[in-house]
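A quick write-up on the structure given underneath.
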Amino acid sequence: MQQPIAVLDSGVGGLTVVKEVMRQLPSEQILYFGDTARTPYGPRAAEEVVAFTREIVEYLVQYEPKMIVIACNTATAAALEDIRRRVELPVIGVINPGARAAVRRTRSGIVGVIGTEGTVKSGAYEAALKRLSSRVEIVSRACPSFVPLVEEGDFRSSRAFDIVAEELAPLRNSKIDCLILGCTHYPYLADCISQAMGPEVVLINSAEETAREIQEVLGTSNGLAPSDQIPTHQFFSSGDPVKFREIAQEWLDEQIRRTSVVWQFTPIGSR
């Protein structure tokens, strides 16, 4: 049996990456940890996010994964290099893939970035975008109300549309032509965001590009699962297991219907 790909997030947001990995790499086993007891990470100090990420990685490595994917923009910005120094495994984040996709798609060269307070404050997207193109202009905005909406499962209500429209109003006249969803929770709100920004603004979800990077890294090392493997996925949450499973099953319905799935609660991160 092939080793799993370990994916971690502050909550359910990383399931947007998992969904794309399952679509592009259907034979791969997923080992997912959602730190729902301590979400959101955005308002927390970078040092605290690093400590949480280390703790989760230490928990996941006991399952002997072949790769670690930090599917949380805040944790990627704060902890990616730290984790790379600590484990002898490929470790990838979601910021560089999102930046690459945006540089490819923008026509005007003016790119919007929305994310948590921690991600926006870090300047990680600005740095990644500038490394790819010195000419790109970046307009960033923190949207702290978005993650709680998703974690509550309230991402399709009229209330969600109203909150998103109000939060994004300052970006409407910014002349951006693409908008990076700089938090893996935000694709759950894609319909709301698209309605608020209008059809002329392309939404950039880093999940697709992240899945491509996973395939490239594993392919280079001959680490891809056999194409005939039927995977068994494991999902862990540190908080309410009922709410986590409900959101995960709704989001991943088609992808997990024909596979084996193990749902587990773990008290890690209960503080």
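Position 1 is the first residue of the sequence; numbering continues from there.
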Given the rule that I, L, V, M, F, W and Y join up when any side-chain heavy atoms are under 4.5 Å apart, are [X] and [Y] in one cluster?
X	Y	value
Met67	Ile83	no
Ile110	Met197	yes
Ile70	Tyr125	no

I'd like to know if the side chain of [X] reaches the main chain of [Y], judged simply by a donor and an acceptor atom lying under 3.5 Å from each other, with no hydrogens or angles considered.
X	Y	answer
Arg172	Ala196	yes
Glu151	Thr36	no
Arg245	Phe235	no
Gln3	Glu64	yes

Go through the side-chain N and O atoms of Asp9 and Thr184 and say whether any donor and acceptor fall under 3.5 Å apart. yes
Is Arg23 paired with Glu254 through a side-chain N to carboxylate O contact shorter than 4.0 Å? no
Matching residue for Asp154 among Ile163, Leu189, Leu149 - test: side-chain contact (heavy atoms from CB on, under 4.5 Å): Leu149
Parallel, tilted or perpendicular for Phe236 and Tyr59, by the 30°/60° rule? perpendicular
Cation-pi between Arg44 and Phe52: NZ/CZ under 6.0 Å from ring centre and within 45° of the ring axis? no
